[in-house]
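Each chain gets a letter, A, B and so on, in the order the sequences are listed, and its residues count up from 1.
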Number of protein chains: 2
Amino acid sequence: MKTAPRISDTEWELMRVVWARSPATAANIIATLTARDPSWHPKTARTLLARLVQKKALGYQPQGRAYAYIPLVSEADCVAAASESFVERVFGGSFRPMLAHLVERQHLTPQDLDELRILLDKKAPGAPKPQKKRPVP
Amino acid sequence: MKTAPRISDTEWELMRVVWARSPATAANIIATLTARDPSWHPKTARTLLARLVQKKALGYQPQGRAYAYIPLVSEADCVAAASESFVERVFGGSFRPMLAHLVERQHLTPQDLDELRILLDKKAPGAPKPQKKRPVP
DNA sequence: ACGTCAAGACTACAAATGTAGTTTATGCCA
DNA sequence: TGGCATAAACTACATTTGTAGTCTTGACGT
C-alpha cells in the first residue's frame with residue numbers, strides 16, 4: 001500500500017467506513033453514514049468519495065452499475081501519519097508532553113487507565129518502575 | 001480565557017512561540033521561528049499573526065511602534081481541544097484505540113514508556129496490575 | 001419499449017489556508 | 001531635517017475543504 005495522502009477531517013469519516021466495510025458501494029457507505037448522522041448529504045458524500053479516489057486513498061471495482069470502493073492505504077498507516085502530524089503540530093514533535101497531557105488532563109476513565117497499564121506491561125514487562133539506576137554488577 | 005478557536009497547522013507554530021515567549025513582538029516571534037526553520041518568510045508570519053488576532057487567539061499591546069502579542073487562549077485549552085478533535089477524527093472519539101496505537105505502533109522510547117508508567121502510578125496509585133477484572137459483586 | 005430513477009461525471013461556490021507582495025505611516029539615524 | 005528602514009495595514013491569489021447542484025447515461029420495472 002502507498003503512503004498515506006493527506007486526508008481531511010470529513011474525509012476521515014468516509015475512510016473509516018470503507019476500512020470497516022470494504023468493499024462497499026457508495027450507497028452502502030452513505031447508508032452507514034446517515035444512520036449515524038442524518039445530516040450527511042448523499043451528494044456531499046459522493047463528492048468526497050471522488051476526491052478520495054483522486055488522492056488515491058480509495059480505489060474501486062465496478063460492481064453492477066455502481067462502484068465498490070476499497071482502501072488503497074491501510075488504516076494503520078493513516079492513523080500513524082495522522083498521529084505524527086498531530087504530535088508535531090500540537091506538541092512540537094515530542095511524544096512525552098502528549099502522554100502527560102493525555103494522562104493528566106484528558107478525561108480517561110479508570111478503565112482506560114487500567115487498559116493502558118496492561119498495554120504497557122505487555123509491551124515491556126519486567127520493568128515496573130526502574131526509578132534508580134543501580135551500579136552494573 | 002475564551003474557548004479555543006480553530007487554529008490551523010501553521011498557526012500552531014506561531015501560537016507555540018507566543019505561549020513560550022509572550023509578550024513578544026512580531027520581530028521576536030519571527031526571529032524565533034526562522035532560527036528553527038529558515039524557510040519561514042517574515043511576511044507569512046505577519047499574516048498569520050494578524051489572522052490569529054482576528055480569531056481572537058492572540059491579542060496585543062502597543063510597545064513602542066510595534067505590537068507585543070499575548071495569547072488570549074491558554075495553551076492547555078488549545079491542546080485539549082486539538083486532542084479531542086484529533087481523537088474524534090481518527091479514532092471516532094474513543095481514546096482506548098488511540099492509547100493502543102500509541103503504545104503498540106508508535107515509536108515510543110523505553111524512556112517514554114517508563115515516564116508513562118510513572119505518570120500512571122501518580123494518577124492512580126494502588127492499582128498496579130489489575131489484570132483480570134471481575135464483574136462488580 | 002419507454003420512462004424513471006439512480007449512479008457516476010462534471011460544475012459551482014464560499015470559506016479557510018498557505019504564501020506573499022504593495023501601500024502607508026513613522027521613529028530613528030546620519 | 002530628510003530619507004531610510006520597518007511596522008502595521010491592506011491586497012492578492014492559488015489550493016484545499018465543505019457542501020451541494022446539474023448533466024448524462026444506462027439498467028430495470030411496467
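Side-chain contact check for A:Val79 versus A:Trp12: some heavy-atom pair is nearer than 4.5 Å. Between A:Asp112 and A:Thr109 the shortest side-chain heavy-atom distance falls below 4.5 Å. The shortest distance between side-chain heavy atoms of B:Val103 and A:Lys122 does not fall below 4.5 Å.
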Quiz item: Can you check side-chain contact (heavy atoms from CB on, under 4.5 Å) on A:Arg21 and A:Thr32, steps first, answer last?
Solution: CA-CA 9 Å; A:Arg21 318 182 102 74; A:Thr32 305; 3.4 Å; yes

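C:dA16 atom P lies 15 Å from atom CG of B:Leu48, rounded to whole Å. Following rounding to the nearest Å, A:Trp12 (CH2) and D:dG18 (C1') show an atom-to-atom distance of 18 Å. Atom CZ of B:Arg89 is separated from atom P of D:dG18 by 8 Å (rounded to the nearest Å). Rounded to whole Å, the distance from CD on A:Gln61 to P on C:dG8 is 14 Å. Between A:Leu49 atom CG and D:dT19 atom C1' the separation is 14 Å, expressed in whole Å. Atom CD1 in A:Ile30 sits roughly 8 Å away from atom P in C:dG8 (whole-Å rounding). Summarising the geometry, the separation between CD on B:Gln63 and P on D:dA8 is reported as 10 Å, rounded to the nearest angstrom. Following rounding to the nearest Å, B:Leu14 (CG) and C:dT19 (P) show an atom-to-atom distance of 11 Å.
The side-chain hydrogen bond (donor to acceptor under 3.5 Å, both in side chains) check on B:Thr25 picks up B:Asn28, with sequence neighbours excluded.
Both A:Ala68 and B:Asp9 lie close to DNA chain C; mapped to their nearest nucleotides by heavy-atom distance, the more 5′-ward contact belongs to A:Ala68. Between A:Glu11 and B:Ala50, the residue anchored nearer the 5' end of DNA chain D, judged by the nucleotide with its closest heavy atom, is B:Ala50.
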Could you list all N or O pairs between the protein and nucleotides 1-7 of chain D that sit under 3.5 Å apart?
unit_1 : atom_1 : unit_2  : atom_2 : d
D:dA7  : OP2    : B:Arg46 : NH2    : 2.8

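Between A:Arg51 and A:Glu11 there is no salt bridge, since no side-chain N of the basic residue sits under 4.0 Å from a carboxylate O of the acidic one.
The side chain of A:Thr44 places an N or O atom within less than 4.0 Å of a non-bridging phosphate oxygen (OP1 or OP2) of D:dA20. For A:His41, a side-chain nitrogen or oxygen approaches OP1 or OP2 of D:dG21 to under 4.0 Å. Put simply, A:Ser8 has a side-chain N or O that comes within less than 4.0 Å of OP1 or OP2 on D:dG18. For the OP1/OP2 pair of C:dT17 and a distance below 4.0 Å, the side-chain nitrogens and oxygens of B:Thr10 include no atom meeting the criterion.
Backbone-only contact: B:Arg6 has heavy atoms under 4.0 Å from sugar-phosphate atoms and none from a base. Nucleic acid contact for B:Thr25: none, since no nucleic acid atom lies under 4.0 Å from a heavy atom of the residue.
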List the atom pairs, with distances to 0.1 Å, where a side-chain N or O of residues 88-95 of chain B and a protein N or O form a donor-acceptor pair under 3.5 Å, not counting sequence neighbours.
unit_1  : atom_1 : unit_2  : atom_2 : d
B:Arg89 : NH1    : A:Asp9  : OD1    : 2.9
B:Arg89 : NH2    : A:Ile7  : O      : 3.2
B:Ser94 : OG     : B:Phe91 : O      : 3.1

